[in-house]
Amino acid sequence: MSEKIEEIYIEQATRLIEGAEVIPNGVMGLAKKLQKSAKTSVPLRVKLGLDPTRPDLHLGHSVVMRKLKQFQDLGHKIVLIVGGATAMVGDPSGKSETRPALSKEEVAQNAKTYFEQMSRVVDIQNAEVVNNADWLHSMSFVDMLKLTSGVTVAQIMTRDDFAKRYKEGLPISVVEFFYPLMQAYDSVEIKADIELGGTDQRFNLLMGRDIQTYYGSDDPQLAMLLPLIEGTDGIVKMSKTYPEHCISINENPKNMYGKLMSIPDELMPRYYQLLTDLKFNSENNPRDEKMRLAYEITKMYNGEEAATAAQNDFVNVVQNKGIPSDLKETRLGAPTPVLDLLVQLGFSASKGEAKRLVAQGAVKFEGEKISDISVMVSQNGVLQAGKRNYAKIVF
RNA sequence: GGGUAGGUGCCCGAGUGGCUAAAGGGAGCAGACUGUAAAUCUGCCGUCUAACGACUACGAUGGUUCGAAUCCGUCCCUGCCCA
């Protein structure tokens with residue numbers, strides 16, 4: 001019964017699967033889907049669920065988005081699901097607390113900013129966009145019973161983070177059990193052929209398969225799992241939970257470049273592989289290799305000009321300890337104590353912290369170190385606090 | 001419903017009447033150094049004050065005490081066990 005799969009689909013699948021894991025049957029599973037699609041002239045429906053409670057996308061998401069784009073380039077249909085309903089449950093993975101339900105307007109607004117960011121990578125115009133509130137909110141209690149009877153508690157508990165939290169005595173709300181079910185039901189509703197997600201989505205994506213079968217599908221979706229990249233500290237996954245290690249897609253170019261320069265050296269090969277089309281070259285000086293990486297990624301999201309400017313600025317400010325080219329001017333009406341000024345400019349969170357900065361020799365005016373916390377700034381000049389904060393003071 | 005263990009600063013986590021703005025770690029910030037905002041080392045790390053010091057803080061609230069994160073009452077929240 002197993003139908004012969006032609007070489008070209010295997011090749012195609014091999015390219016698509018690069019960096020990812022497909023369940024079940026890996027390359028062959030994917031190749032089979034591709035062949036079926038080609039033979040029947042029906043594009044594959046490639047699903048990605050979006051959580052509208054966190055409209056900020058970061059480079060971690062771009063791994064998945066780049067993969068979506070590849071499917072698009074092969075003529076397949078990507079289906080983006082805005083989690084209007086799932087947003088009310090909250091993502092059960094790990095720490096996040098139950099979030100207040102978002103209004104319809106908020107969901108729509110967040111979805112919009114989502115798409116703006118995504119459009120830097122994928123072709124949103126040709127994507128199918130739906131909101132799962134459209135079918136989940138109108139489900140009856142009877143419908144829900146039918147859905148829930150498709151799985152057992154033991155099955156749900158095999159999910160890694162549930163098992164772990166249970167074992168550690170951390171709370172698990174019953175409502176969280178619904179999250180995988182809702183997400184799985186989405187696959188039934190949109191007739192997904194493949195669902196993409198991070199490796200942390202393994203359980204949810206496989207649940208989609210089971211539920212599709214439960215609802216009568218004879219060719220349920222494949223799960224395509226993509227690696228999660230580490231944040232800039234190289235240890236924790238890039239996630240909004242750790243904003244300090246996160247590089248947003250709409251980060252300003254200078255910050256994006258700088259944050260990329262702050263990743264540990266060991267992380268470079270992974271970033272190269274997952275976030276760019278370039279190849280990492282271990283022969284090169286690591287610093288130069290990191291600069292090339294930072295430049296490339298900054299360029300992808302901000303264009304060549306901005307990337308060049310960001311790079312020049314980095315060389316100038318960080319490497320040569322110079323002054324940034326595009327200083328923001330701050331106009332003062334009257335002489336101001338440095339401490340107040342530092343707070344006012346947002347260079348320190350409190351006056352106490354500002355004092356410490358001065359005491360630690362981090363504050364300079366026109367290149368001269370300020371060592372007295374009672375100094376008044378009363379003339380034009382450049383104020384510097386630490387390595388990165390500069391302001392041009394004008395009266 | 002009963003029993004039992006808990007709720008500490010951005011996070012984790014010590015602390016069981018004064019020496020506690022509260023150990024330690026992480027994160028963050030600064031300085032030095034460097035091949036980078038890597039690594040490493042050092043310092044800082046509640047708010048206000050020039051400073052003395054004042055205020056705020058250990059789930060909530062009300063007490064006891066010269067004095068409470070630490071003791072007592074009530075309440076809220078979470079885990080586990082039993083029913």
Side-chain angles (χ1 to χ4, degrees), chain A residues 59 94-98 157 162-176 230-247 251-272 280-298 310-324 336-340 342-364 369-376 383-390:
Chain A
L59 290 183
K95 307 220 165 194
S96 44
E97 302 101 43
T98 328
M157 286 306 292
F162 283 147
K164 204 169 146 216
R165 279 200 279 164
Y166 189 71
K167 201 174 148 209
E168 286 173 4
L170 294 170
I172 301 170
S173 162
V174 173
V175 78
E176 295 183 60
E230 290 77 11
T232 55
D233 67 343
I235 299 164
V236 298
K237 298 299 168 200
M238 189 175 285
S239 142
K240 277 285 158 217
T241 316
Y242 311 101
E244 65 276 17
H245 300 140
C246 210
I247 303 177
E251 195 95 46
N252 83 56
K254 275 165 125 184
N255 268 345
M256 184 181 269
Y257 189 97
K259 283 189 173 183
L260 285 163
M261 286 306 285
S262 81
I263 66 169
D265 291 356
E266 310 79 68
L267 210 52
M268 280 197 279
R270 260 178 89 68
Y271 270 41
Y272 263 101
F280 173 67
N281 181 351
S282 58
E283 305 287 298
N284 287 349
N285 177 327
R287 186 199 59 177
D288 296 337
E289 207 51 7
K290 205 180 280 183
M291 286 176 75
R292 192 164 71 97
L293 174 73
Y295 178 83
E296 175 68 14
I297 295 177
T298 309
Q311 183 160 56
N312 290 342
D313 210 71
F314 184 85
V315 171
N316 177 27
V317 177
V318 180
Q319 293 182 8
N320 301 330
K321 298 184 194 292
I323 292 170
T336 310
V338 231
L339 297 186
D340 291 330
L342 288 169
V343 175
Q344 193 184 319
L345 291 166
F347 291 173
S348 65
S350 67
K351 285 181 87 170
E353 192 180 305
K355 266 181 237 176
R356 267 176 253 133
L357 285 174
V358 174
Q360 290 175 138
V363 182
K364 291 180 187 164
K369 206 174 276 185
I370 293 179
S371 47
D372 180 0
I373 52 174
S374 62
V375 161
M376 301 288 283
L383 181 74
Q384 177 189 358
K387 285 182 197 121
R388 289 187 250 168
N389 299 315
Y390 290 86

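Sequence lines set the chain letters: A, B, ... in the order given, protein chains first and strands last, and positions in each chain run from 1. From a predicted model like this one, the values you see are computed outputs, not experimental measurements.
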Quick one: [X] [atom1] to [N] [atom2], roughly how many Å, whole number?
{"X": "A:N285", "N": "B:rA39", "atom1": "CG", "atom2": "P", "result": "16 Å"}
{"X": "A:R287", "N": "B:rU36", "atom1": "CZ", "atom2": "P", "result": "5 Å"}
{"X": "A:D265", "N": "B:rU36", "atom1": "CG", "atom2": "P", "result": "12 Å"}
{"X": "A:F314", "N": "B:rG35", "atom1": "CZ", "atom2": "P", "result": "14 Å"}
{"X": "A:I373", "N": "B:rA51", "atom1": "CD1", "atom2": "P", "result": "5 Å"}
{"X": "A:L267", "N": "B:rA37", "atom1": "CG", "atom2": "C1'", "result": "15 Å"}
{"X": "A:Q384", "N": "B:rG31", "atom1": "CD", "atom2": "C1'", "result": "13 Å"}
{"X": "A:E289", "N": "B:rG35", "atom1": "CD", "atom2": "C1'", "result": "13 Å"}

How far does the [atom1] atom of [N] sit from the matching atom of [M], given to the nearest Å?
{"N": "B:rG25", "M": "B:rC66", "atom1": "C1'", "answer": "37 Å"}
{"N": "B:rA23", "M": "B:rC72", "atom1": "P", "answer": "25 Å"}
{"N": "B:rA14", "M": "B:rC82", "atom1": "C1'", "answer": "32 Å"}
{"N": "B:rU78", "M": "B:rU42", "atom1": "P", "answer": "44 Å"}
{"N": "B:rG15", "M": "B:rG6", "atom1": "C1'", "answer": "15 Å"}

**Study point:** A:P286 or A:A349, whichever maps to the more 5' nucleotide of RNA chain B
**Key:**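 Nearest-nucleotide comparison on RNA chain B picks A:P286.
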Point to revise | First encountered from the 5' end of RNA chain B, between A:K290 and A:S350 | key: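 Between the two, 5'-proximity favours A:K290.
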Counterpart base for [N], defined by Watson-Crick or G-U wobble contacts under 3.5 Å:
{"N": "B:rU64", "answer": "none"}
{"N": "B:rG1", "answer": "B:rC82"}
{"N": "B:rA21", "answer": "none"}
{"N": "B:rA54", "answer": "B:rU47"}
{"N": "B:rU16", "answer": "none"}
{"N": "B:rA30", "answer": "B:rU42"}
{"N": "B:rG35", "answer": "none"}

Point to revise | Pairwise distance CD(A:E251) to NZ(A:K259) - rounded to 0.5 angstrom | key: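 Reported value, rounded in 0.5 Å steps: 3.5 Å.
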With respect to the phosphate group of [N], does any side-chain polar atom (N or O) of [X] fall under 4.0 Å of OP1 or OP2?
{"X": "A:K369", "N": "B:rG31", "result": "no"}
{"X": "A:S374", "N": "B:rA50", "result": "no"}
{"X": "A:K351", "N": "B:rU49", "result": "yes"}

Practice item. Using a heavy-atom cut-off of under 4.0 Å over every strand shown, decide if A:G352 touches base, sugar-phosphate, or nothing. Key: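 Contact class for A:G352: sugar-phosphate only.
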Nucleotide N/O to protein N/O under 3.5 Å, stretch nucleotides 27-30 of chain B:
{"residue": "B:rA27", "atom": "O2'", "partner": "A:E244", "partner atom": "OE2", "Å": "3.0"}
{"residue": "B:rA30", "atom": "O2'", "partner": "A:Q360", "partner atom": "O", "Å": "3.4"}

